[in-house]
Amino acid sequence: MNYWLMKSEPDAFSIDDLANMPKKTEHWDGIRNYQVRNMIRDDIKKGDLVLFYHSNCKPPGVVGMMEVVKEAYPDHTAFDPDSKYFDPKSDPDNPRWLMVDVKFKKKFKHMVSLDELKANPALAEMRLVQRGNRLSILPITKAEWDEIIAMCGG
DNA sequence: GCCAACGTTGGC
DNA sequence: GCCAACGTTGGC
């Protein structure tokens, strides 16, 4: 069992949007970074738990929890010329981009803002709070997961 | 294979 | 809207 953090801009797709999906489940599409693609391909497993992070908003922070319910499969938006994620170099016979499906588990009573994450010494090693981090999916240790769950008020 | 130009992310 | 960080592209 691994732990992850996934970022989304709430204007585009928020935790409430996920909670309102049929079966509270959606595919996490649009990943166009090779490091993140490799994590999806190799490391993200069914049953893994994921923090939902709202980025590029006020305030940014962790707002809830979800679970991986389907492991890596081709990201079909790469083949759709009308999609903003269209990538003409992704061959349907050898897809370059992958995605997983995630299911809503819980919205935190108290969102854990980026400021709070940065202020907690136990989380100083998280890549999220280090400068220059731009990956949209990050691995989280069990200790970090437990720390953040303790901060969110359940 | 170097590296400048360019595009994107995301906090502020 | 600014801009630092940094990944990607493409000329050479």
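In what follows, chains are A, B, ... by sequence order, proteins preceding strands, each numbered from 1.
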Whole-Å distance separating the [atom1] atom of [X] from the [atom2] atom of [N]:
X	N	atom1	atom2	result
A/D87	B/dG7	CG	C1'	14 Å
A/L117	B/dG10	CG	P	15 Å
A/L128	B/dG10	CG	P	10 Å
A/K84	B/dG7	NZ	P	17 Å
A/I31	B/dT8	CD1	P	16 Å
A/Y53	B/dG11	OH	P	4 Å
A/Q130	B/dG10	CD	P	15 Å
A/N56	C/dC3	CG	P	17 Å

Pairing donors with acceptors under 3.5 angstrom, does anything connect the side chains of A/S90 and A/R32? no

Which part of the nucleic acid, if any, lies within reach of A/K7 when heavy atoms closer than 4.0 Å are counted: base, sugar-phosphate only, or nothing?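 The residue A/K7 makes sugar-phosphate contact but no base contact.
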
State whether the distance check finds a donor on one side and an acceptor on the other, under 3.5 Å, for side chain A/R32 versus base B/dT8. no

A/W97-A/Y73 aromatic ring centre distance below 6.0 Å: no

